[in-house]
Every structure is written in C-alpha cells, then in structure tokens.
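Contents: one structure, followed by commentary.
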2 protein chains.
Amino acid sequence: MPDDKKAIFANITADDVANEAGVSRWTVNRAFRKEASISPKSLEKVRAAAERLGYVPDLRAASLASDRSNLVALLIDDFANPHKLVMMERLTRILRREGWDILLINTLDRNDAGHALLNASQRRVDAVILIGLQFDDDMLETALHARRFRKLIIFARSSRNPDTISIAVDDVESMNEMAIYVNERGYRRPMFLAGPRTSSAHLLRKETFVEYWRQHFGIEPETVEVSAYDPALASDVVENVLSSRNPAMLPDILVCENDSLAIGATDVIRHKLGLRIPEDIAITGFDDVPQADNPNYSLTTYRQPLTEMVEYLVEVLSNPDQTNLNRLFTGALIARRSA
Amino acid sequence: MPDDKKAIFANITADDVANEAGVSRWTVNRAFRKEASISPKSLEKVRAAAERLGYVPDLRAASLASDRSNLVALLIDDFANPHKLVMMERLTRILRREGWDILLINTLDRNDAGHALLNASQRRVDAVILIGLQFDDDMLETALHARRFRKLIIFARSSRNPDTISIAVDDVESMNEMAIYVNERGYRRPMFLAGPRTSSAHLLRKETFVEYWRQHFGIEPETVEVSAYDPALASDVVENVLSSRNPAMLPDILVCENDSLAIGATDVIRHKLGLRIPEDIAITGFDDVPQADNPNYSLTTYRQPLTEMVEYLVEVLSNPDQTNLNRLFTGALIARRSA
DNA sequence: GCAATTTTTGCTCACGGGAGCAAGAGGAAT
DNA sequence: ATTCCTCTTGCTCCCGTGAGCAAAAATTGC
C-alpha cells in the first residue's frame, strides 16, 4: 500500500494543514498553541484538517523559535537504589501530566557529570534536575559555570549552593523524629550506619542523630561508614564490625541513613550473624522503598512526601524566578516491625 | 558579578564564534560535526574560540535542519518491576556512549500509550523503544499508523508485528532450558505461575513449559495466573491457591514467569504458609533481578544478556533498514539455592 | 447605522544550524 | 611555470515554528 507508506513518511507541516483548511499557516500553529487567540470556527477547521492529514506540531522548531523547550534533563547517577525507581515513576508521571518532557541522562560517575550537563545543554533544556549523591558542591560550581539552562534543581537532597534550587525532606526534622522514636522505644545502644561522605556533599542525617543522642544521653553513639549506598557493601561492613563482638557489646539498634543500607544490614544480621530482628538488634532505614514493606524486612523507616515534592517542582519549573525557591518538606515516620 | 551573569545567560551562537575565530559560521559548525571536512588549523582556531566563549551547538537546530534528532523515546509502563531499573541503566549508559539521547516517557496505562507516542512524535525522535507489557499488537497497530518516527523497537519482548523490530531473549529456548533443569533436578509436580494475558500480548514462556511437560510426562502441569507482575499480588494468588491444600497435593516447584512473581511467591510460602524453600517447595524465576542474588531469595532464574541486546539495539538504530532486524538472544540459567 | 473597540488573521523577521554547490587555496604532475 | 586535481571554505537556500505588529473582521455602544 504505497499510499499508506506515503502517509507514514511524509512530513506534514503546518503549511499543508493551512492549505487543507483554507487558512494561513499561522492560524494553524495558533490552533495548537495553548495561549493563542483563535476563533472557535477556525480552530475546528484546523483540527479537522490536521486530523485528516495526520499533522503533529514539531516541538523542535517551536522550541527553537520560542526559546522554551518544555524539556527538562533528569540526571541520575545511581540506578542500583530502588528508591530511584520510585522517584522516577513519580517524576515522569507528574511532569508529563503538566506538559514537561524528560531527557534521561545516566551520569556514570563524578567525572562524567560535566559531560552529562553538556548533553543537556545541547538540547537546550529549560531545567536540569539532579537526583543523586555524587553531585557535590564542587561539581555544582562547574555545572553552573557552563550552564545553558535556566534552573538547576537538586531533588531529594539539600544543597547550600545559592544558585541551585533544592527540593528535599528536612533532614534535621526527620532524623530528630527518628531519634525520638528510637529513644522512646527504649533503645539505648544505637549504632549509626552512614553512607559515603563525598567531600562537601553531606546529608545532615548522621549529624542530627549524633547530636540528639549527645544532648539526651551525653554520649556519642557509635557510627560506621559504608563507601556506597549498596546493600551488599553494607552487609560486608556490618559483618566486619559486628561479627567479632562480644554479644554484650552489640548495639541494640542500627539506625541507617537509608533503606538500601538497612536492607543490607538486615540480611547479614539475620543470615550471617544469626541474630533476630528486632529482638537482638533492631533496624531503621530511610526512604520507605517498596521492599521496606515486604514481610522479610518490615522496615521502620521514613517516607518522603514525593508527590508533594514533585508537585512543587512543577511549580518551580514555571516560576520565572531562579533563586530562593528552596523548600524543605516534612514526611512521615513509618513504624513497622524492625524497630 | 554582572559579567559572569551575562556569560551564563547570553546565547552564544556559531556566528559569535565565527567572529571570534575569524572564520565563517559554516566553518564553525563544521568543527562540531563529525563527518565534516575541515583543516586542522581552523579546527583548532574554532575550538579555542568556542572554549573562550562557552559555545555549545544547539541540537534542536541541527536536528531541524538535518532531519535526524539522535533522540530516541523510551516508553516504559511499569516502574514497579526492579528489572526495569536494570534495563534502564544499561540502555541509558550504552546509548549515551554511542551518542543517542533518551526521552523518557512513562506510559501510564494502555489507553495512554497513544498519547505517549504522540509525545515522542512531537519531538521527532528517530526511534521509539518500548519496554513493557501492555504494548499489545492492537496498540502497535495504532502506533504504527500515527507514527512520525522511523523505527519502533520492542525491547525484551518478542512481537509478531512485521513493522516492528523486536530484540529479546528467545522465550522458547530459555524456558526449555529451565524445564530441563526442573526435570533433571527431579521435580515432578510443577506449578506454573504466569502473569496477565493481555489480549494478544503474550510471552511464550508458559506455553513452552507446559508443552515440554506434556511431551515428557504426558501430563499438563497446573498453571495459575496473576493479574499483574506485582509481588504482592503474586503473594495473594499463591496464598489463595495453596493455603487450603492438603500437603500431599502441593506442587514441589513453582516455576514463575519472572522474578517479581517468584519473589512474591517466596515471601508468602515462607511467611504465611510456613514452608521451606526449596525443601518443601522450590521456586524459579526469570530475569535475574538484583534481589534474586540476595541470600533471602537466592533465586534460580534466567539472565538475559542485556548488554549484548542493547549493543545490538544501537546497531539497529544506525541501520538504514527498517525491517527484518528482529533478533533473539540466548541468556544463561543461573542456578541458586531456591531450586 | 456609524464610530470605537476588541478579536482574529496574515505577515515580516528571526531562531540556529545542515545540505549541497561553487569558488578559493594548496599541492602534485608535467 | 602551467595545468589538473583535491581539500577547504563561503554561500544560498532551506528546516518548521513563534513573537509581535498591522490589517482585517467581528463585536459593542449609542
């Protein structure tokens, strides 16, 4: 069917539709532009003609002419964390609903971040959204220097860089809530399991917990660091630290910086150390990944209000301002059986 | 620092660089085009000038003029499956390395697929990659009719539509291998746990397993269907089917269509039914998600050769042909403790 | 019914770069 | 030195749309 093939490959433009509908090209374009003023009659004519011809506006051209691409770049550096999948789902769903397309860029490692931003620049995205951990302040500085985009948004992590917009959960508030919970449930020998401290990029979670404990009990809780947010690594570290210990010296609770670490810790405590959770050692996480609700883990954790956060992100995107749009959110502690 | 601000927001174009370097605009563009012919001397001059001014070519314009966008749309419909995260990681990494950018589109549900494709069309992507399950043949028909892109690639699932390109693991071969394994390990009362059968979209896995068992033992193994690839749903279904059963009537192995189902089944068999795996009931999955290697599950499963598959996908993208590019791959059975 | 508005329409110019051609520069062969 | 050939370079003409203005049409007020 040659006719069909032609229909498939022909490049129908607004001019063709204009001919078909008996109006000018600009009226056609206006029919597809939200804010444009057009009479209901021509709108109808254009719609019908476009339908017949199978016309779809070309956003590349629109973007070129209007200097707004309605495209945002999503830079992600760690696909191993299941929480990323949750965030991506929420982001893609809500952004699409609001008319934003997403350029997904896998930032391989710290050294690659510059190239990733270059990628985004070349597509002239309106904003860059960073989800990840290796984006420390040094990197942000570089990014801002070379940028061809209007906004740099750090999602689900706070940043002190004045030129970025950070949308995140309040680490201090949330971790204090967690510390209070740990205290009230009667735990007295906590150990904090933290992720990597990459230069200036640090989460306030550990500091907050340690500070709470010091204030309330006058002692510094033990802290252990894992070099990546990886369950297997967390397992190794926890095994190293705890396996040789006299049972009396074991912590009664492991407060983890996120669920990935908590899950790794849970596995090793149960299967390698042969201890019960929460009877021998309790565990808490952070993020509320889907697995946390699994009966195997039933992890006490802290849920970020992702939907709210993404909805605010959308607001930020259409806001002409560029600074002072930082916002901290309050989530909810989810108590399960692990602590 | 007003100078800094200007540098950030000014729109440096090839013309500016041309002035700075003392060459024509076209020479500047050529310096950034792979196949262009340019003398080493002017290349150097242009590079230096571009560096000084912070020039980055605008891919929207390039795409508009050349009718190649170097953009592919990635349509995903199910963010709950951790295997998707693995696929996305591999796809984003390799495609980016090869110079392809990715438009990520969350296809909410079957009815939304048309709109999702429209999105892709408007950005004039060179190809659409479908990863998911709700893309059945009806939907593909619609997609192909309205398409403004050159290739429609079904990734990690086979399709019989002649106008699409399917890159997937050979379901027949892989499931036969699994069936042989199950047979040789001495299991004799298998039950097959299948995912939803959405109209014409079906995986050959169940058919293959059932057929093998019929051929070798003359009996039809029991099969059970779960209405979505969701661990929690799988748990419910398995509990419903097995909990009331006389122990003698229980299957000795649960062969699952993918790891998500297998993980849901594992949880419920252990925690609700109180049975041991693999002693009371063995379990196999398919995909080899990261969790499968977790000591909790230690799931016997089948690993798809994702890297190979994505590398072939890249080949397909730059191939001028559009049909007969289908390819089936062979993966590897990963034997662990669950069966 | 006519002027004053308001809405709608067509148009010029611009967005930033690519294809392909013709002119220019440089080198090799004679 | 001349001719021929090849590699570079500049140029014209697009790609498909939007901003903003001026002309045209429709609407309002009296």
Side-chain angles (χ1 to χ4, degrees), chain A residues 9-47 49-50 53-71 99 101 121-126 148-150, chain B residues 9-47 49-50 53-71 99 121-126 148-149:
Chain A
F9 292 104
N11 224 9
I12 313 289
T13 83
D15 279 307
D16 303 325
V17 180
N19 279 338
E20 173 85 8
V23 297
S24 73
R25 174 172 83 64
W26 298 273
T27 303
V28 172
N29 290 338
R30 268 189 271 259
F32 287 91
R33 220 179 311 148
K34 199 81 183 140
E35 351 66 76
S37 133
I38 187 176
S39 70
K41 211 169 46 185
S42 8
L43 179 63
E44 189 40 48
K45 274 197 296 189
V46 172
R47 289 257 181 235
L53 269 50
Y55 167 74
V56 183
D58 187 330
L59 288 188
R60 297 172 304 178
S63 151
L64 191 57
S66 71
D67 202 40
R68 287 194 75 248
S69 60
N70 272 287
L71 232 197
D101 283 337
S121 297
Q122 300 204 127
R123 298 277 174 197
R124 300 294 191 266
V125 297
D126 289 334
R148 305 274 308 213
F149 36 86
R150 295 174 183 65
Chain B
F9 292 103
N11 224 8
I12 312 288
T13 83
D15 279 308
D16 303 325
V17 180
N19 279 337
E20 173 85 8
V23 297
S24 73
R25 174 171 84 64
W26 298 274
T27 303
V28 172
N29 290 336
R30 267 188 272 258
F32 288 91
R33 219 179 311 146
K34 199 84 181 129
E35 350 69 74
S37 133
I38 187 173
S39 72
K41 210 169 46 185
S42 8
L43 179 63
E44 189 40 48
K45 274 196 296 187
V46 171
R47 290 261 182 232
L53 269 53
Y55 168 73
V56 183
D58 187 329
L59 287 188
R60 298 171 305 179
S63 151
L64 191 57
S66 71
D67 203 39
R68 288 194 76 249
S69 60
N70 272 289
L71 230 199
S121 297
Q122 300 203 126
R123 297 277 174 196
R124 300 296 191 267
V125 298
D126 289 333
R148 304 273 307 214
F149 36 84

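All chains are named by letter (A, B, ...) in the order of the sequence lines, taking the proteins before the strands, and each is independently numbered beginning at 1.
Atom CG in B/D15 sits about 12 Å away from atom P in C/dG18, given to the nearest Å. Protein atom CD1 of B/I38 is 15 Å distant from nucleotide atom C1' of C/dG17, rounded to whole Å. If you measure from atom CD1 of A/I12 to atom P of D/dG16, you get 10 Å, rounded to the nearest angstrom. Atom CG in B/N29 sits roughly 16 Å away from atom P in D/dT12 (whole-Å rounding). Rounding to whole angstrom units, CG of residue B/D67 and C1' of C/dG20 are separated by 16 Å. The CG atom of B/L64 sits 14 Å away from the C1' atom of D/dC13 (whole-angstrom rounding). Between B/E35 atom CD and C/dG18 atom P the separation is 9 Å, expressed in whole Å. One interatomic measurement links the two molecules: NZ of B/K34 to C1' of C/dA19, which rounds to 20 Å at whole-angstrom precision.
Between A/L53 and the options A/D16, A/N19, A/T13, a side chain to side chain contact (heavy atoms under 4.5 Å, CB included) holds for only A/D16.
Side-chain atoms of B/S69 and B/R124 include no donor-acceptor pair closer than 3.5 Å.
Nucleotides of DNA chain C nearest to A/K41 and A/R25 differ in position, and the one nearer the 5' end is that of A/K41. Across the interface with DNA chain D, nearest-nucleotide mapping of B/S24 and B/S66 shows B/S24 to be the residue nearer the 5′ end.
Taking only distance into account, the side chain of A/R60 never meets the base of C/dG17 through a donor-acceptor pair shorter than 3.5 Å. Side-chain N/O atoms of B/W26 and base N/O atoms of D/dT8 include no donor-acceptor pair closer than 3.5 Å. Judged by distance alone, with hydrogens and angles left aside, B/R30 brings a side-chain donor or acceptor within reach of the base of D/dG10, the pair sitting under 3.5 Å.
OP1 or OP2 of C/dT8 sits under 4.0 Å from a side-chain N or O of A/S37. For D/dG10, one of the phosphate oxygens OP1 or OP2 lies less than 4.0 angstrom from a side-chain nitrogen or oxygen of B/T27.
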>> One pair to check against side chain to side chain contact (heavy atoms under 4.5 Å, CB included): A/N70 and B/R123. What are the steps and the verdict?
In response: CA-CA 11 Å; A/N70 272 287; B/R123 297 277 174 196; 3.8 Å; yes
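Taking the charged nitrogens against the carboxylate oxygens, A/D58 and B/R60 have no contact shorter than 4.0 Å, which rules out a salt bridge.
Distance from the side chain of A/S39 is smallest to C/dT8 among C/dG17, C/dT8, D/dT9. For B/A65, whose side chain is taken as the heavy atoms from C-beta onward, the closest listed nucleotide among C/dT9, C/dG16, D/dT17 is C/dG16. In this structure, of C/dT8, C/dG17, D/dG18, it is C/dG17 that holds the atom nearest to the side chain of B/A62. Checking C/dA19, D/dT9, D/dG18 against the side-chain heavy atoms of A/R33 singles out D/dG18 as nearest.
Nucleic acid contact for A/S42: sugar-phosphate only, since backbone atoms but no base atoms lie under 4.0 Å from a heavy atom of the residue. Nucleic acid contact for B/Y55: sugar-phosphate only, since backbone atoms but no base atoms lie under 4.0 Å from a heavy atom of the residue.
Cation-pi geometry between A/R47 and A/Y55 is not satisfied (NZ or CZ under 6.0 Å from the ring centre, within 45° of the ring normal).
Counting heavy atoms from C-beta on, the side chains of A/R33 and A/R30 come closer than 4.5 Å.
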